[in-house]
Q: 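The structure is given below, and queries will be raised subsequently.
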Amino acid sequence: MNENRHFNVQSPPCVLCGRTDDCPEKYGEKSTYVEYNLTVHYYCLLMSSGIWQRGQEDEGIYGFLITDIRKEVNRAAKLKCNICKKKGASIGCVAPKCKRSYHFPCGVQKECIFQFMEDFRSYCWEHKPVQKFSVKGSRESSQCIICLELVEQLPLYSVLKSPCCKNAWFHRECLQYHALSAGVFFFRCSVCNNKDKFQKEMLRMGIHIPEKDASWELEENAYQELLQCYQHCDIRRCLCKKGRDYNEPDSKWEIKRCQCCGSRGTHLACSSMKSWEQNWECVECRSIFAKSGNYSKQQKRSLAASEKTGGTTCLLEEPSPKCPRPSSGSQHSFLLQSPKIMCQSNVTPCSRLEFPASNRMTMSSSPLMANRSLSMRKKHLNQQKREVSNILKELKLQVNTKTTRLNINTKNIWKSALKGFRQRNFSPTNAIEIKFTGCRNRLATDTSEGSKHRFFKLLMLNLQNSSLFEGSSLKNLTLDSQALKENLYFEAGRMIAVSLVHGGPSLGFFSKTLFDCLVYGPENVKPALEDVADVGVAQTIKMIKYASSLSSLQSIVHDCYEFLAAAGCLRPVTTLCDKNMLANDILTFHVIRRIISPLESFRQGLKTLGVLEKMQMHPDAFSSIFCHEPETLSAETLCDLFTIHCSSDVNKVEGADFWMGYLQDVESGESVVTLEDILLFATGCSFLPPIGFDPEPTVKFLRIRYPVGNRLHNCLELPLTKTYEQFKNKMEFTIRNTLKVERE
């Protein structure tokens, strides 16, 4: 077949609709084929009912054979349009028993629906598919997400609603222009970025999504300016002898750009930064944040400390809480001398102390300073725990007295929990009662509260080790297509929210990156290399980041071409400094962009009972239970937890001495029971729930023979004895045998 030649000669009419209109957005491309003496609109050809694409793409016209087109024209010439009453109606409604026929432009004018998919079905104005809108919001108005003009929330032909977002509305015309520009690869919901569900609904509602690349991707060198990095040191007194424009990657003369505007830079050495990972903001950006109050009130970023070293003005920046991963060489490292503190890096800016550089070495080596730092850190953590407890207690006010029973199989906690959470009568605001099945014997001593605490502890442990998360100790979300299809990420988020409000344990296995994505949004988070669980991907990033020459970097990019293309990270590599941007692109894709859909689903689940909203309002407090392992029980912790009550005829001091002495012996390993056993015996819970206990645990000294754990009231009733040895023996005998029977 000869190659098609396109000419627009005096705008002849389309052979199918008879119109001379040339509007590609409405009717598709209009082309005249002189050698065939045919002029046709692309959409008229696609939607005609009696013709099929029997040829290849390069045969005939768009794969439609010329003989077939002429047959269709002859067939349509016998049919009258039900709208304009003229002959040539080549399109018919596919609804059963409907005999309406019309031209494509007439159908558009009459608000018919044309589905550009599968069999290219057409529906008349009476049988067309419509979107279901809630009656509640049918009289409200919203903004079109694309043009920002008002759009009425009514079931109109000109109005379309996103299937994946509750309040996303569009004008049909705006959405069609967007689809033609974005193409099938980039057309997605402008709010949540959902692609599959959004495209499926829009195709059903008659939006044409062409199979082509986006228009902005087809423009040659469209993004060339974005590949040019700002490389200039703007510090008042630059220390580099080779000039302000000198940049040597992976050295102290590497130029770091402002994390806010990117249009100012500094050598690492000129701002006393010991690591490229540290954040830096230029003077202009810092002044803007200072005026807006973000430095002090919102604590989004902390004001940098200015120091003078050798007569040079140095700008020291603290990392933003949105990217709070300080390097080991941070100016605050003297606060992290104790191993206990080193594993918990969530120190807020307000709790840090700043000292002159000349005093840092002295202070870090001082035992007094280390003890003071430990005390401050402990005080801060206790304050965070109290804050979280009060917040969760406030959320628990939503829980009513109506009870929902969950039957949990101990051999398959996750599956039975999922079934329970999905049952029709389950509501997060109902009280939860747990009935364990699959056990040989469950004694009456296991109270409903005890069963609930045990269930949530096992459930969170199952979640931690499930395929929804990846990583060793601190975990990120995985991309599990089957789990996404079954909506398991949403259920996992909902289970965590319900667990926290109903008295479940701290999680302690979230990475800081995952927590920040949930709280601040993924677009505001910078991941780190330790967030990459895939060894191969981590190795690739390292190879790129530490490439020593341009040729080796280009060789690595060539070897990883398919991976980079699939990740959307393929970029021209012209200089060695391009390696950092490339490594960051891969890192961001693998840790964040790749799991956007699971993350959004997980966030929706965490919104249950208002938990996510509180996390966003109090990120520091909630990070203590999401990102840090729960504090190990200590004698001091239990002593503070239990309030001592005595009757008037009992010696409180003597009983309290025996109690505290026994806790010390248990902590030091001089007992057959553990501190967890004591807590379980008294409350039915072996951990400290973030929400706290209700009622608060108490200790009563009574004239009884053996200890009694009153779990209904979280009360530990202890006997009065003449000697400490008698007290200890009775405690160990009772607690050990009681728990032994329960565990059997």
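These figures come from a predicted structure and were not determined experimentally.
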Q: Would you mind reporting whether Leu514 and Lys475 have side-chain heavy atoms less than 4.5 Å apart?
A: no

Q: Taking the side chain as every heavy atom from C-beta outward, state whether Ile408 and Thr437 have any atom pair closer than 4.5 Å.
A: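 Side-chain contact under 4.5 Å: no.
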
Q: For the side chain of Asn462 and the backbone of Leu459, is there at least one donor-acceptor N/O pair under 3.5 Å apart?
A: no

Q: His713 side chain to Thr683 main-chain N or O, any donor-acceptor pair under 3.5 Å?
A: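 No, because the side chain of His713 does not come within donor-acceptor range (under 3.5 Å) of the backbone of Thr683.
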
Q: How about NZ on Lys415, more than 12 heavy atoms from neighbouring residues, nucleotides or ligands closer than 6.0 Å, or not?
A: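 Count not over threshold, so no.
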
Q: Going by an N to O cut-off under 4.0 Å, is there a salt bridge joining Glu600 and Lys607?
A: no

Q: Flag the pair Ile391 / His618 as yes when at least one side-chain heavy-atom distance between them is below 4.5 Å, and no otherwise.
A: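 With C-beta onward as the side chain, the pair touches.
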
Q: Please confirm whether the backbone N or O of Ala567 pairs with a side-chain atom of Arg594, one donor and one acceptor, at under 3.5 Å?
A: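 Checking the backbone N and O of Ala567 against the side chain of Arg594, no donor-acceptor pair under 3.5 Å is found.
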
Q: Classify the side-chain pair Ser623/Asp620 by whether it contains a donor and acceptor separated by less than 3.5 Å.
A: no

Q: So His178 and Phe187, would you call those rings parallel, tilted or perpendicular, with 30° and 60° as cut-offs?
A: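 Judged by the thresholds at 30° and 60°, the geometry between His178 and Phe187 is tilted.
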
Q: Output yes when Lys512 and Asp516 qualify as a salt bridge under the 4.0 Å nitrogen-oxygen rule, no when they do not.
A: yes

Q: If you count the non-hydrogen atoms of other residues, nucleotides and ligands that lie under 6.0 Å from CD in Gln398, is the total more than 12?
A: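 Yes, CD of Gln398 has more than 12 neighbouring heavy atoms, counting only those of other groups under 6.0 Å.
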
Q: With distance as the sole test, does Asn412 use its side chain to make a donor-acceptor pair with the main-chain N or O of Asn409 at under 3.5 Å?
A: no

Q: Okay, side chain of Thr478, backbone of Ser467: is any donor-acceptor separation there less than 3.5 Å?
A: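 Yes; judged by distance alone, with no hydrogens or angles, the pair exists.
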
Q: Which of parallel (below 30°), tilted (30 to 60°) and perpendicular (above 60°) describes Phe421 and Phe426?
A: tilted

Q: Does the side chain of Leu633 come within less than 4.5 Å of Glu676's, by heavy atoms?
A: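 Answer yes - side chains close enough.
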
Q: Backbone N or O of Asn584 within a donor-acceptor pair of the Thr588 side chain at under 3.5 Å?
A: yes

Q: Under a 3.5 Å cutoff, is there a donor and acceptor pairing between the side chains of Asp480 and Gln482?
A: no

Q: Between the side chains of Glu201 and Lys161, is the shortest nitrogen-to-carboxylate-oxygen separation below 4.0 Å, so that they form an ion pair?
A: no

Q: Does NZ or CZ of Arg454 fall inside the cone over Phe436's six-membered ring, less than 6.0 Å from its centre and within 45° of the axis?
A: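 Flagged: Arg454 positioned over aromatic ring of Phe436.
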
Q: I'd like to know whether the aromatic ring centres of Phe642 and Phe693 sit less than 6.0 Å apart in this structure.
A: no

Q: Would you please classify the geometry between the Phe469 ring and the Phe602 ring as parallel, tilted or perpendicular, with 30° and 60° separating the classes?
A: perpendicular

Q: When you measure from the side chain of Arg172 to the backbone N and O of Met205, does any donor-acceptor pair fall under 3.5 Å?
A: yes

Q: Can any side-chain N or O of Gln143 pair as donor or acceptor with the backbone N or O of Leu148 at less than 3.5 Å?
A: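 Yes, because the side chain of Gln143 sits within donor-acceptor range (under 3.5 Å) of the backbone of Leu148.
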
Q: Please report the shortest heavy-atom distance between Ser511 and Leu474, naming the atom on each side.
A: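 The pair with the smallest heavy-atom distance is CA-CB, 3.9 Å.
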
Q: Does Asp531 reach the side chain of His590, with side-chain heavy atoms less than 4.5 Å apart?
A: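 In short, these two side chains do not touch, never coming nearer than 4.5 Å.
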
Q: What's the shortest heavy-atom distance between Cys192 and Cys189, and which atoms?
A: N-SG, 3.6 Å

Q: Should we say atom NZ of Lys195 is surrounded by more than 12 heavy atoms from elsewhere, each under 6.0 Å from it?
A: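 More than 12 heavy atoms, drawn from other residues, nucleotides or ligands, come within 6.0 Å of this atom.
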
Q: If you measure from the Lys or Arg side-chain nitrogens to the Asp or Glu carboxylate oxygens, is any gap between Glu491 and Arg422 under 4.0 Å?
A: yes

Q: Testing the basics here: between Leu203 and Met117, what is the closest heavy-atom pair and its distance to 0.1 Å?
A: CB-SD, 3.6 Å

Q: If the plane angle is over 60° it's perpendicular, under 30° parallel, otherwise tilted; pick one for Phe510 and Phe626.
A: perpendicular

Q: Would you check if the side chain of Ser416 reaches a backbone N or O of Ile413 as a donor-acceptor pair within less than 3.5 Å?
A: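 Between the backbone of Ile413 and the side chain of Ser416 there is a qualifying donor-acceptor contact (under 3.5 Å).
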
Q: Evaluate the criterion side-chain contact (heavy atoms from CB on, under 4.5 Å) for residue pair Ile145 and Trp169; output intermediate values, then yes/no.
A: CA-CA 6 Å; Ile145 300 299; Trp169 300 81; 5.8 Å; no

Q: Do Thr403 and Asn430 touch side chain to side chain, with heavy atoms closer than 4.5 Å?
A: no

Q: For a 4.5 angstrom cut-off between non-hydrogen side-chain atoms, does Ser473 reach Phe509?
A: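 Not in contact.
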
Q: Would Leu606 and Ile496 count as a side-chain contact (heavy atoms from CB on, under 4.5 Å) if you check the C-alpha gap in whole Å, the side-chain angles of each, and the deciding distance to 0.1 Å?
A: CA-CA 7 Å; Leu606 272 176; Ile496 290 173; 4.0 Å; yes

Q: I need the minimum non-hydrogen distance between Leu739 and Arg711, along with the two atoms involved.
A: CD2-NH2, 3.9 Å

Q: Kindly give the heavy-atom pair with the smallest separation between Leu500 and Pro505, and that separation in Å.
A: CD2-O, 3.8 Å

Q: For the side chain of Asn487 and the backbone of Ala483, is there at least one donor-acceptor N/O pair under 3.5 Å apart?
A: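 Flag not set: sc Asn487 to bb Ala483 has no pair under 3.5 Å.
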
Q: Would you indicate whether the side-chain heavy atoms of Pro697 and Leu716 approach each other to under 4.5 Å?
A: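 When only atoms from C-beta onward are counted, Pro697 and Leu716 do not touch, as no gap falls below 4.5 Å.
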
